[in-house]
Novice: 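This structure is in structure tokens; I'll ask about it shortly.
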Amino acid sequence: MIPKIKFYQRNTLDVAQDLLGCFLVRKIGKKTFRGMITETEAYIGEDDLACHASKGRTPRTEMMYGDAGHAYVYMIYGMYHCLNIVTENKDYPAAVLIRGLASVREFKANKSEWEEIKDIKLDGPGKLCKFLKIDRKLNGWDITRGEKMWLEKGIKVRKSDIKSDKRIGIDYAKHCREYLWRFKIS
DNA sequence: TATACGATCACCT
DNA sequence: GGTGATCGTATAC
């Protein structure tokens with residue numbers, strides 16, 4: 001089942017945790033890949049100094065102010081891309097960074113089943129985007145449409161199986177770096 | 001126009 | 001633990 005916009009149009013911390021266990025599906029040409037989301041981070045509002053929108057509304061951050069359920073993809077360090085899902089109401093900038101996928105599979109049309117891909121670890125936002133060919137062409141993509149890239153409900157994750165932590169790589173964000181807005185399936 | 005730096009990763013010690 | 005690759009974006013001039 002593909003979640004509708006309402007699923008994303010909620011409190012970002014709730015969405016970030018509910019995305020754990022969901023499948024990210026990516027169709028590239030004839031190939032279709034799928035991975036289970038195991039790690040997310042929340043970036044919420046202009047007051048969150050780690051959030052790109054803390055600088056206000058700019059061409060870059062505009063997408064975060066848009067409709068929930070759309071992708072916010074940006075380039076970082078000149079070599080990697082990061083995939084985020086926009087949350088909350090329109091004009092309120094917030095998103096969930098997809099940091100890690102597990103049990104990556106490719107759909108085999110001839111057998112009509114999902115086959116595990118060996119020797120692949122998508123345990124980082126940059127690696128994940130590189131493998132799934134996610135770049136800025138997908139910035140603003142509506143992931144509720146079920147084309148090219150979308151999400152599907154996966155396994156149910158118990159609250160007790162979710163570990164919260166400080167976010168990664170945001171030492172510049174002053175007191176905001178202490179927020180436990182990183183979520184992982186433990 | 002110029003400059004500083006980052007929501008990362010691979011590789012080094 | 002630390003560093004370099006590499007370029008879009010924001011900010012300063």
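Letters A, B, ... are given to chains in the order of the sequence lines, protein chains preceding strands, and every chain is numbered from 1.
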Novice: Which residues, if any, of residues 7-20 of chain A bring a heavy atom under 4.0 Å of DNA chain C?
Specialist: none
Novice: Using side-chain contact (heavy atoms from CB on, under 4.5 Å) as the criterion, list what pairs up with K121(A), not counting sequence neighbours.
Specialist: D123(A)
Novice: If you group Ile, Leu, Val, Met, Phe, Trp and Tyr by side-chain heavy-atom gaps below 4.5 Å, do Y179(A) and I170(A) land in one group?
Specialist: no
Novice: Shortest non-hydrogen contact from V73(A) to N139(A)?
Specialist: N-OD1, 3.0 Å
Novice: Would you call E106(A)-K108(A) a salt bridge at under 4.0 Å N-O?
Specialist: yes
Novice: Could I get the full list of side-chain hydrogen bond (donor to acceptor under 3.5 Å, both in side chains) partners for E46(A), not counting sequence neighbours?
Specialist: Y65(A)
Novice: What residues form a side-chain contact (heavy atoms from CB on, under 4.5 Å) with I168(A), not counting sequence neighbours?
Specialist: E41(A), R99(A), R182(A)
Novice: According to side-chain hydrogen bond (donor to acceptor under 3.5 Å, both in side chains), does anything in residues 67-76 of chain A pair up with another residue at least two apart or in another chain? List the pairs.
Specialist: H52(A)-Y72(A)
Novice: Could you write out DNA chain B as a dot-bracket string, with dots for unpaired bases, | for bases paired across to another strand, and Watson-Crick or G-U pairs counted at under 3.5 Å?
Specialist: ||||||.|||||.
Novice: Check this for me: does any side-chain nitrogen of one of E115(A) and R105(A) sit under 4.0 Å from a carboxylate oxygen of the other?
Specialist: no
Novice: For residues 101-144 of chain A, pull every pair meeting ring pair (Phe, Tyr, Trp, His ring centres under 6.0 Å), keeping only residues two or more places apart or in separate chains.
Specialist: F33(A)-F131(A), F107(A)-W114(A)
Novice: Report, one line per pair, each donor and acceptor closer than 3.5 Å where one atom sits in a side chain of residues 151-165 of chain A; sequence neighbours left out.
Specialist:
{"from": "E152(A)", "atom 1": "OE2", "to": "W150(A)", "atom 2": "NE1", "distance (Å)": "2.8"}
{"from": "R158(A)", "atom 1": "NH2", "to": "D161(A)", "atom 2": "OD2", "distance (Å)": "3.3"}

Novice: For DNA chain C, find the residues of residues 41-64 of chain A with a heavy-atom distance under 4.0 Å and give them by number; none if there aren't any.
Specialist: K55(A), T58(A), R60(A)
Novice: Is there any protein nitrogen or oxygen under 3.5 Å from a nitrogen or oxygen in nucleotides 8-13 of chain B, and what are the pairs?
Specialist:
{"from": "dT8(B)", "atom 1": "OP1", "to": "R99(A)", "atom 2": "NH1", "distance (Å)": "3.3"}
{"from": "dT8(B)", "atom 1": "O3'", "to": "G126(A)", "atom 2": "N", "distance (Å)": "3.4"}
{"from": "dC9(B)", "atom 1": "OP1", "to": "G124(A)", "atom 2": "O", "distance (Å)": "3.3"}
{"from": "dC9(B)", "atom 1": "OP1", "to": "P125(A)", "atom 2": "N", "distance (Å)": "3.1"}
{"from": "dC9(B)", "atom 1": "OP1", "to": "G126(A)", "atom 2": "N", "distance (Å)": "2.9"}
{"from": "dC9(B)", "atom 1": "OP1", "to": "K127(A)", "atom 2": "N", "distance (Å)": "3.2"}
{"from": "dC9(B)", "atom 1": "O4'", "to": "Y80(A)", "atom 2": "OH", "distance (Å)": "3.2"}

Novice: Closest approach of M63(A) and V86(A), non-hydrogen atoms and distance?
Specialist: O-CG2, 3.6 Å
Novice: Using a 4.0 Å cut-off to any heavy atom of chain A, which nucleotides of DNA chain C are the first and last in contact, reading 5' to 3'?
Specialist: dA5(C) to dT11(C)
Novice: Once side-chain contact (heavy atoms from CB on, under 4.5 Å) is applied, do any residues pair with E178(A), and if so which ones, sequence neighbours excluded?
Specialist: K166(A)
Novice: In sequence, state the C-alpha distance, the side-chain angles, and the governing distance for I44(A) and Y92(A), and then conclude on side-chain contact (heavy atoms from CB on, under 4.5 Å).
Specialist: CA-CA 9 Å; I44(A) 311 172; Y92(A) 185 86; 3.6 Å; yes
Novice: Let me check something: do I120(A) and L24(A) share a hydrophobic cluster, defined by ILVMFWY side-chain heavy atoms less than 4.5 Å apart, either directly or through other members?
Specialist: yes
Novice: Please answer: with hydrophobic residues joined when any side-chain heavy atoms are less than 4.5 Å apart, are L138(A) and M79(A) in the same cluster?
Specialist: no
